Amino acid sequence: MGSGKTALVAALCRSLAGDLALAVVTNDIYTTEDADFLRQAGVLAGERIVAVETGCCPHTAIRDDIGANLEAVEGLEERLAPLDLVLVESGGDNLTATFSRGLVDRQIFVLDVAGGDKVPRKGGPGVTGADLLVVNKVDLAPAVRADLAVMARDAAARRGGGPVVFCSLTDDPAAGAVTSWVRAQLAVPPG
Amino acid sequence: MSLRAAALLLADGRFPAGGHAHSGGVEAAVARGRVGDLDDLVAFLRGRLATAGLVDAALAATTCHRAGGAGVLPWGELVAEADARQPSPALRASARVQGRALLRVGRRAWPGPILDELACAGPDGTPHSVVLGACAAAAGLRPGDAAAIAAHQAVAGPASAAVRLLGFDPLAVAAALADLADDVDRVAADAARTAGGSAADLPCGSALLLELGAEDHAAWEVRLFAS
């Protein structure tokens with residue numbers, strides 16, 4: 001919650017929309033908060049952003065019971081074909097949140113430095129299993145006394161060396177490192 | 001015949017058919033102060049079971065009966081009868097959303113001509129009760145099973161939504177559902193008896209507050225459940 005996922009999605013849209021056909025599906029606790037934020041940010045045409053209603057449980061809608069999200073993605077693909085990339089955001093949950101492979105080809109898990117530098121060590125399927133771990137808001141590290149070296153060491157251990165990006169949208173509003181990772185993934189076949 | 005595993009699967013709240021995102025009218029009732037404590041919830045569930053629950057169970061049973069028989073399946077007639085019993089546009093839409101979600105997983109679970117035909121028959125979606133009956137038939141279940149599953153879901157889903165919305169003791173809610181079990185069985189049996197007859201003669205149990213509440217709820221800017 002509050003780790004900056006929606007702001008990161010907005011940054012990715014700004015960085016990628018110039019040459020890729022994009023769409024976004026949001027999963028909120030309350031219906032359309034994140035979708036409204038993205039529409040107001042003006043990063044994509046409103047028709048390219050769809051909100052899924054999750055009945056209090058965004059993690060259920062992305063993991064155990066993905067039909068509503070599949071329907072949203074398929075609807076976007078039908079209306080806006082051809083699409084290069086659909087970003088599915090689910091938010092406001094916890095370390096056990098993880099996406100079904102029936103719904104997404106790649107998963108990015110976003111942690112907030114202000115949540116404490118112990119979080120990577122605590123692990124959980126998001127930290128250990130995501131294709132990319134983003135440690136966000138690193139500009140706040142001094143203020144919250146978070147040790148980024150500890151986070152990097154623990155994340156590497158938990159993830160078996162899987163990729164980790166340290167990100168600050170304050171210092172780099174285009175989220176360059178995350179954008180590069182996403183672009184590289186587009187060249188890799190899904191699965 | 002004894003309890004069938006396919007029926008348990010279809011009735012399970014964890015079967016991935018999208019039910020978790022719908023409150024069955026509880027969210028609107030809570031907001032309007034009609035459900036605040038456990039007694040209110042039980043009264044709400046009794047009312048829902050006797051009205052929407054009976055209609056859904058009868059439609060599910062009739063669909064299962066027709067789909068399990070020979071001949072061209074009268075999907076259009078069944079959908080028209082479902083819509084004739086549902087005056088709320090919001091609830092018609094919600095029934096179709098839930099029907100599409102159930103059909104998506106049903107076709108994977110029980111592939112075959114029944115559900116393929118249904119998918120072609122209703123491109124905009126078919127009401128959940130009709131899809132449920134068709135899934136039951138595709139799974140080799142009987143009309144009575146379809147009715148029992150529909151009647152169970154008419155109270156179980158809203159009860160779980162109430163736990164999330166009001167923080168009720170889940171054990172107390174489970175006990176309340178156990179108390180309702182005989183009523184659920186009775187409604188399922190009444191519904192199953194209609195299965196062989198004319199679809200036009202199916203029961204009609206309008207629930208005005210559910211319908212008005214659903215119209216109101218669909219217009220909210222902020223809500224936790226889709227319906």
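As the structure is a prediction and not an experimental result, all values here were calculated from the model.
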- prompt: So which of A:Asp36, A:Asp64, A:Ile66, A:Leu70 has the biggest tally of heavy-atom pairs under 4.5 Å with chain B?
  reply: A:Leu70
- prompt: Are there residues of residues 19-26 of chain B that reach to under 4.5 Å of chain A by heavy atoms, and which ones?
  reply: B:Gly19, B:His20, B:Ala21
Other residues, nucleotides, ligands: >12 heavy atoms within 6.0 Å of B:Arg14 CZ: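 For B:Arg14, atom CZ is not crowded (no more than 12 foreign heavy atoms under 6.0 Å).
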field: Nearest heavy atoms of A:Phe99 and A:Val88, plus distance in Å
entry: CZ-O, 3.4 Å
B:Asp83: salt bridge (charged side-chain N to carboxylate O under 4.0 Å, His left out) partners, not counting sequence neighbours: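 Applying salt bridge (charged side-chain N to carboxylate O under 4.0 Å, His left out) to B:Asp83 gives B:Arg96.
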- prompt: For A:Thr26 and A:Asp34, does a side-chain donor sit closer than 3.5 Å to a side-chain acceptor?
  reply: no
query: Is a side-chain donor or acceptor of A:Asp65 paired with a backbone partner of B:Ala17 at a separation under 3.5 angstrom?
result: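 Judged by distance alone, yes, a pair lies under 3.5 Å.
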message: So if I apply the side-chain contact (heavy atoms from CB on, under 4.5 Å) rule between B:Ile149 and each of B:Asp56, B:Leu8, B:Leu10, which one comes out positive?
response: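 When B:Asp56, B:Leu8, B:Leu10 are each tested with B:Ile149, the side-chain contact (heavy atoms from CB on, under 4.5 Å) holds only for B:Leu10.
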